[in-house]
Amino acid sequence: MTELPSSFTPSDIEGALYDAWLKAGYFTANPHSDKKPFTIVIPPPNVTGSLHIGHALDMTIQDSLIRMKRMKGFEALWLPGMDHAGIATQNVVERQLAAQGKSRHDLGREEFVKKVWEWKAESGGAILNQMKRLGASVDWTRERFTMDEGLSKAVLTIFKNLYDKGLIYRAERIINWCPRCLTALSDIEVEHQEIDGEFVQITYGDAGENQISIATTRPETMLGDGAVAVNPNDPRYRDMIGKTVRLPYVDRMIPIIADEIVDPEFGTGAVKVTAAHDPNDFEMAVRHNVPFVVIMNEEGVMAGTGTQFDGMDRFTARKAVVEQLRADGRIGWEKRPYKHSVGHCQRCSTIVEPRLSKQWFVKVAPLAQAAGDAVRNGKVKIDPVEMEPRYFDWVDNMHDWCISRQLWWGHRIPVWYGPNDEMVVVGPGESAPAGYTQDSDVLDTWFSSGLWPFSTLGWPEQTADLKKFYPTSVLVTGYDILFFWVARMMIMGLFAMDGVEPFGVIALHGLVRDKHGKKMSKSRGNTVDPLEFMDKYGSDALRFTLARGANPGTDQALAEEWVAGSRNFATKLWNASRFAMMNGAHVNGALPEPQTLNHIDQWILNRLNETITEVDSNLEAFEFQKACDAVYHFAWDDVCDWYLELTKDVFARGGAEAEATKRVLGHVFDQLLRLLHPIMPFITEALWKPLTHGESLVVAQWPVATPLHNAESVAGLVGDLQTLITEIRRFRNDQGIKTSAKIAARISGLTEGGLSAYESSVRFITKLEPATETFNPSAKVEIGRFVVEFDLTGAIDVGAERARLTKDLATIEKDKKTAEVKLNNENFMAKAPMEVVKEIRERLDFCNAEIERITALLASLPKA
RNA sequence: GUCGACGUUGCGUAAUGGUUAGCGCGUCAACUCUUACCAAGUUGGAAGUGCGGGUUCGAUUCCCGUCGUCGACCCCA
């Protein structure tokens, strides 16, 4: 009945199955259906990106949820897309131009942007095809890009709305400036790194005038100083407050001011105030009316100081300034190297220059308040809850958000300036008055990706999609971007959608680390390529490995061996299904009434039900590891190792019992494959179709548990059967009897134990022949109420048997002692709960019985 | 600097105030047998709660300290 090849080759089936799914339109959501919606928007990967193992994990989780919900009858929408990644993308294209000896300025803005679109068409979005390899059941008909027309309109709309409400403003501030990318950066685009710098004491003022020593790590910025600050309570400097001191080289008199923020213990206790090149100094300058002196151009080159240092790069100038100071005897102590942490551009690692400039900002306080409240009042749940403090930490302490970028690739700020400094914000469909020119900057990419959960559904239009699928059900992402992106979506979603949250649950997972729990990085050389793993072991194996390692909010380790292990699981599943089908497993007609089935069939149905419950509840709770473990052990241990082995004897005997078992076997595999489908979509589909002749697992119904009445007694009976078989196997193993060797044995106690019907199965599995007339029992194993006597005709290894029994005895005696100590402890007896005391008493009784039994067995062994 | 997390067999992890601390990979041993599975499989085995103190009848679990690892945030010029 089946043509399944004898081994499983993932690459033979994956591509074809995915194409068939697409062709059938299974992933396309219908906004007009009566089904309840279940929506996930993909955290949009970068248009320049390619699939790394973190994406693979993120997508595996999302796909598993979506596929399960789809099977449960939800109108499931998983919406894919990408963001335009302003700086990263612009850098890629600029690098290409640089290779031809050109810069973007040679092309001009319009041509350059055209070039970027061309690049996107040619090489952007490689990751989308890689998602297909993974089996992602996303709705490709709804693929979105943050620079699309619709999403751009959303950006304009929200900009205007925020501006009109006074939540966007333009101001001159100190911002993080990258002198290489020539753009402003937000706080989160700056990475702090420890570097070896210098810390130098410098004396200001000439002999005969006021003099004061400051200390700095950035000597070159002295040229832009507007004041020197001291602590008002510092006795060393109290008399100097209010006086002025001469700043060398620029020959400017600057005041000595007093500010509490100055730490008398640090450095010299006197701080230079460079208002235009340091955020703290900026604050102080505002408090004390210190002038802002800009001493560098946008490329970080000294300019406008009127000194010999003009034209030098900031780091060259640093050396030159120190040399000059030293020559002039103004240097006191010098600490070099001086380790301190300095901000670097996330994209190009250039040291960030704090720079005074006019930028656009979002006033986040009221918005962040709402974003925090949505979680505080339970509208949005963060899973796991332990991650909540991190979220609050962030949203409750957010600085205003600098959203303008001096780039060409991105959404251009919709503000136009008139000839006399007039300013208008131009919304969608509006146009600027004649003679106005548009702001040349673009918006931060996060500004548009913050709109993702609703801009992708058509907002600001009131589309059917928006009505059906917003708010989205769950957002799945790594905890590492909880603040970067999630907080921004909360802010934007609550604002744009009148307080309706963008998602109900934020399900956070961890990072994928290497086998030893170390962070993967190119410099460490411990990165892994998900595509390579898919090639070698199949997508299902990679998905299963990732899902099986995923505990909410915690990092997971990954090693190639684990992926190979999952591949082995897939192979096992393949062969077990082949076995089932070869033996006539089917799903035709109703499942027989459980009470008409043999105990083994009843037992496996019950284990199936338990597994369904476990998998279902754990998937719903994002407990992927537990769900995977449950289905893995059911499939391998219960089904393959026990059930299939036990059916062999049933099939060999044939008859009505075998016919019933074929139906049960079909049902078990049918349901097992459904359960596993969200996590391993390909192999399950490939097996399920020939087994059931159904249309597709993608649209098959999710299993529902139907517990049996006598589950417990059946479980007890099969448990006894398993113990009996295991003990016989162990005996055979201890005795060094070959697996294939058949030996004669007499089994007693089966009738009393309720297992008389299974003697044939036991003998089949353990290769025991019935006792004949010449049977000569030479060894005995007691297993509870069962006794197995073997005819080994002198072949018994008494030493091995004695060693084993002695060891068992020691273990049980230790247990007995533990129990006795407790029971003899007056405090324990007085204070421990009754159930616990009862348990310990029963334990003691059990130990005594075991000791008696083992002792007797030892005594019965022939002397060595 | 501030805050946080974590320390369970060789490695990665799970659970738990009270029977015998579970699982995967690895490892050791034996086997590969009639109806599935040899880049595999079967069977059996060995091996673990960092250290010190406290609370408790009882701590791997709760508390404190310590050591170690990792992370986040911030920054003092």
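Letters A, B, ... are given to chains in the order of the sequence lines, protein chains preceding strands, and every chain is numbered from 1.
With A:T9 contributing its side chain and A:S11 its backbone, the two residues share no donor-acceptor pair below 3.5 Å. Here the side chain of A:N618 pairs a donor or acceptor atom with the backbone of A:E614 at under 3.5 angstrom. Put simply, the side chain of A:H344 gets close to the backbone of A:V342: a donor and an acceptor are under 3.5 Å apart.
Among the heavy atoms of the strands lying under 4.0 Å from A:N551 are primed sugar atoms or P, OP1, OP2 only; no base atom is included. Residue-level contact check: A:R843 touches the bases, meaning some heavy atom is under 4.0 Å from a base atom. A:T268 comes within contact range of no nucleotide atom at all, as no heavy-atom separation falls under 4.0 Å. Using a 4.0 Å heavy-atom cutoff across all strands shown, A:N568 reaches sugar-phosphate atoms only and no base atom. Using a 4.0 Å heavy-atom distance criterion, A:A576 is classed as a base contact. A:R548 comes within 4.0 angstrom of the backbone, heavy atoms only, and of no base. Among the atoms of the strands shown, base atoms are found under 4.0 Å from some heavy atom of A:F651. Contact annotation for A:A270: no contact, since no heavy-atom pair falls under 4.0 Å across all strands. Across all strands shown, A:N825 has heavy atoms under 4.0 Å from sugar-phosphate atoms exclusively, and none from any base. Across all strands, A:F569 comes closer than 4.0 Å to no nucleic acid atom at all (heavy-atom distances). Counting non-hydrogen atoms under 4.0 angstrom, A:K742 reaches nothing in the nucleic acid.
The pair A:K817-A:E820 does not meet the salt-bridge criterion, since no charged nitrogen lies less than 4.0 angstrom from a carboxylate oxygen. A salt bridge between A:E353 and A:R314 is present, with a side-chain N of the basic residue lying under 4.0 Å from a carboxylate O of the acidic one.
To the nearest angstrom, C1' of B:C33 lies 9 Å from CZ of A:F764. We find that CH2 of A:W636 is positioned 12 Å from C1' of B:C25, with the value rounded to whole Å. Across the protein-nucleic acid pair, A:K335 atom NZ and B:A77 atom P stand 11 Å apart, rounded to whole Å. Rounded to an integer number of Å, the gap from CD of A:E842 to P of B:U19 is 14 Å. Note: CG (A:N575) to P (B:C37) measures 6 Å, nearest angstrom. Rounded to whole angstrom, the span from the CD atom of A:Q625 across to the P atom of B:G24 amounts to 12 Å. B:C25 atom P lies 11 Å from atom CG of A:D629, rounded to whole Å. For the pair A:L644 CG and B:C37 P, the interatomic distance rounds to 12 Å; values are reported in whole Å.
Here the side chain of A:V262 is nearest to one of B:G45, B:A77, B:U35, namely B:A77. Among B:A77, B:C33, B:G44, the nucleotide with an atom closest to any side-chain atom of A:R730 is B:G44. Distance from the side chain of A:F579 is smallest for B:A36 among the nucleotides B:C33, B:A36, B:C75. Looking at the side chain of A:W562, the nearest of the listed nucleotides B:G24, B:G18, B:C57 is B:G24. Set against B:C33, B:A77, B:U43, the side chain of A:T217 has B:A77 as its closest nucleotide. You'll find that the side chain of A:R513 is closest to B:G71, out of B:U43, B:G71, B:G24.
Helical stems in RNA chain B, defined as runs of 3 or more consecutive Watson-Crick or G-U wobble pairs with donor-acceptor distances under 3.5 Å: B:1-7 with B:67-73, B:10-13 with B:22-25, B:27-31 with B:41-45, B:50-54 with B:62-66.
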* To do: Test ring pair (Phe, Tyr, Trp, His ring centres under 6.0 Å) on A:W333 and A:F199 and set out the steps.
  => CA-CA 8 Å; A:W333 44 258; A:F199 195 36; 5.5 Å; yes
For residues 835-848 of chain A, which side-chain donor-acceptor pairs fall under 3.5 Å, sequence neighbours excluded?
from: A:R843; atom 1: NH2; to: A:D815; atom 2: OD2; distance (Å): 2.3
from: A:N848; atom 1: OD1; to: A:K816; atom 2: NZ; distance (Å): 3.0
from: A:N848; atom 1: ND2; to: A:L844; atom 2: O; distance (Å): 3.4

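Under the 6.0 Å distance and 45° angle rule, A:R548 counts as a cation-pi partner of A:Y632. Note that A:R543 lies outside the cation-pi zone of A:W562, set by a 6.0 Å cut-off to the ring centre and a 45° limit from the axis.
Taking only distance into account, the side chain of A:S341 meets the base of B:C75 through a donor-acceptor pair shorter than 3.5 Å. In terms of polar N and O atoms assigned as donor or acceptor, the side chain of A:K816 never comes within less than 3.5 Å of the base of B:U19 in a complementary pairing. A donor and an acceptor atom sit less than 3.5 Å apart, one in the side chain of A:E645 and one in the base of B:A36.
Taking the P atom of each, B:C64 and B:C3 are spaced 14 Å apart, rounded to whole Å. Rounded to the nearest Å, the gap between the P atom of B:U60 and that of B:U20 is 14 Å. When the P atom is used for both B:A40 and B:G26, the distance is 9 Å, rounded to whole Å. Rounded to the nearest Å, the gap between the C1' atom of B:G48 and that of B:G7 is 13 Å. Taking the P atoms as reference points, B:C62 lies 14 Å from B:A14, given to the whole Å. For the P atoms, the distance linking B:A47 with B:U66 amounts to 35 Å, nearest Å. Rounded to whole Å, the separation between the C1' atoms of B:U56 and B:G18 comes to 12 Å. For the P atoms, the distance linking B:U13 with B:C6 amounts to 13 Å, nearest Å.
For A:K572, a side-chain nitrogen or oxygen approaches OP1 or OP2 of B:U42 to under 4.0 Å. In this model, the phosphate group of B:A77 is not approached by any side-chain N or O of A:H277 to a distance below 4.0 Å at OP1 or OP2. For the pair A:Y338 and B:A77, the criterion of a side-chain N or O lying under 4.0 Å from OP1 or OP2 is met. Contact between the side-chain N/O atoms of A:R567 and the OP1/OP2 oxygens of B:A39 is not found at any separation under 4.0 Å.
Each of A:H633 and A:D641 lies near RNA chain B, and the nucleotide nearest A:H633 is the one positioned closer to the 5' end. Position along RNA chain B of the nearest nucleotide to A:L558 versus A:A652 favours A:L558 as the more 5'-ward residue.
Ring geometry, A:F569 versus A:W636: the interplanar angle falls under 30°, so the pair is classed parallel (tilted spans 30 to 60°).
The shortest heavy-atom contact between A:S566 and A:A541 is CB-O, 3.3 Å.
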